[in-house]
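Working notes, beginning with the structure itself.
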2 protein chains.
Amino acid sequence: MVAESSMDRNMLATPADGGMSVPALFQNLIGYHLRVAQETSFQGFAKAAGKEDLKPGWYALLTVLAERESMTPSELSRTCGRDRSTLTSSLKALSNRGLIERRWNPDDQRSYSVRLTEEGRQMQERLHAIAVVHELRLDEIAGEDKAVLIAVLGRIAATFGTSEDF
Amino acid sequence: MVAESSMDRNMLATPADGGMSVPALFQNLIGYHLRVAQETSFQGFAKAAGKEDLKPGWYALLTVLAERESMTPSELSRTCGRDRSTLTSSLKALSNRGLIERRWNPDDQRSYSVRLTEEGRQMQERLHAIAVVHELRLDEIAGEDKAVLIAVLGRIAATFGTSEDF
DNA sequence: GCAAGATAGTTTGATATCAAATTATTTGGC
DNA sequence: GCCAAATAATTTGATATCAAACTATCTTGC
């Protein structure tokens, strides 16, 4: 699983404007801090990349394709954690922008494969460079706690992500 | 800022079905683990609460109202981090379900205040109890690292949430 | 006191998401 | 071989979100 899928229903929100601070009830809740950190961190990334180039799942799709060379929409759907139907419009947009190329599968008329164009590869590299810069900032913030942080986050994902969800 | 607002554009997705594991490129990225942990954790909460009772911002709205007694839609918007226009339908739904009550402000014909009904209070308590159970699981997972985890998440939120976003 | 501007809430428009229904093609059972 | 079932992708339907336009009311400046 790799990328930018969405969670429409969130438990807790980020500090929005200059409004209230964290309500007492939420002060000590991991879930709350997880949500706020994730949301603000992503906003930082999105802002750096620019809205035009960071449409919903683009970074994820391009990065997966950069690793795998060629995939079908169904494979991309599974890997990126988004519904197949959602990919239809994303792939159309990426294709219109010349970032990907579609090739019909001669062995299966229903299916086609998707691969990056040279332009798509450049876009992926550009977005990835921004992600790396962003990650460096996170590394700096985490400091010596990085390993612990990743370990705990991994345990959380493993607990809720595997046993009970699907 | 309190609740269930949404981040439509996410950087990274959760492990979806039984699909791929974490791609090498993302293995060491805090942003990725943050995303996956947040998403899977929220799914665990949503599943426990049930879809009927956990419409997008309900837990947040009800909890804020439980603390504040009475608020206007605009205040709720700021506190919950959702656009005012988005609240219109949520408040209508909560009102239809008998969970909140609206009272026109005699001093300002444009405005009204919202408060929990007794039924709304019960629903808030039910959802909160589920959130607490969920939080206990997170506490267990975090173990002795909880304090560090919350501290780092707080630093991330503070870094990206205040200085550059708004 | 009245016109200009601010503010409260709603409506509309553009996206995005998932889930279910649909269409076309391939596979499998017999 | 042929018809049923599975599969690939798309289309459609129901929600949700934000942003901008809109309506109604209140506040200000003069």
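First the proteins, then the strands, lettered A, B, ... as listed; each starts at 1.
If you measure from atom CD of B:Gln109 to atom P of D:dT27, you get 11 Å, rounded to the nearest angstrom. To the nearest angstrom, P of C:dT15 lies 13 Å from NZ of A:Lys92. D:dA8 atom P lies 13 Å from atom CE of A:Met71, rounded to whole Å. To the nearest angstrom, P of D:dA14 lies 14 Å from NZ of B:Lys55. Between A:Leu54 atom CG and C:dT15 atom C1' there is a gap of 14 Å when expressed in whole angstrom units. In this structure, CG of B:Leu61 is placed 12 Å from P of D:dA16, rounded to the nearest angstrom. Rounded to whole Å, the distance from CG on A:Leu87 to P on D:dT11 is 14 Å. Following rounding to the nearest Å, B:Leu91 (CG) and D:dA16 (C1') show an atom-to-atom distance of 14 Å.
The side chain of A:Arg102 sits closest to D:dT10 out of D:dT10, D:dT25, C:dG9. Of the listed nucleotides (D:dT25, D:dA19, D:dA9), D:dA19 has the atom at the smallest distance from the side chain of B:Asp83.
Within 4.0 Å of A:Ser74, counting heavy atoms only, lie sugar-phosphate atoms of the nucleic acid but no base atom. Residue B:Ser89 is classed as having no contact, given no heavy-atom separation below 4.0 Å to the nucleic acid. Note on A:Thr86: a base of the nucleic acid sits closer than 4.0 angstrom, heavy atoms only. A:Ser111 comes within contact range of the sugar-phosphate backbone alone, with a heavy-atom separation under 4.0 Å but no base atom that close.
Checking each of B:Ile100, B:Val114, B:Leu116 against B:Leu94 for a side chain to side chain contact (heavy atoms under 4.5 Å, CB included) leaves exactly one that passes, namely B:Ile100.
Dashed line: the shortest gap from a side-chain N or O of B:Tyr112 to OP1 or OP2 of D:dA24 is not under 4.0 Å. Put simply, A:Arg82 has no side-chain N or O that comes within less than 4.0 Å of OP1 or OP2 on C:dC18.
Taking the six-membered ring where the residue is Trp, B:His128 and B:Tyr59 present parallel rings, their angle staying beneath 30° rather than reaching 60°.
Interatomic distance, CG of A:Leu54 versus NZ of A:Lys47, reported as 14.0 Å (0.5 Å rounding). Distance NE2/B:His134 to CG/B:Asp139: 11.0 Å, rounded to 0.5 Å.
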Apply side-chain contact (heavy atoms from CB on, under 4.5 Å) to the pair B:Arg97 and B:Glu119, showing each step before the final yes or no.
CA-CA 9 Å; B:Arg97 284 270 300 253; B:Glu119 203 185 339; 5.8 Å; no

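For the pair A:Arg110 and A:Ser85, nearest-nucleotide mapping onto DNA chain D gives the more 5' position to A:Arg110. Judged by closest nucleotide on DNA chain C, A:Arg84 is the one of A:Arg84 and A:Asp108 placed further toward the 5' end.
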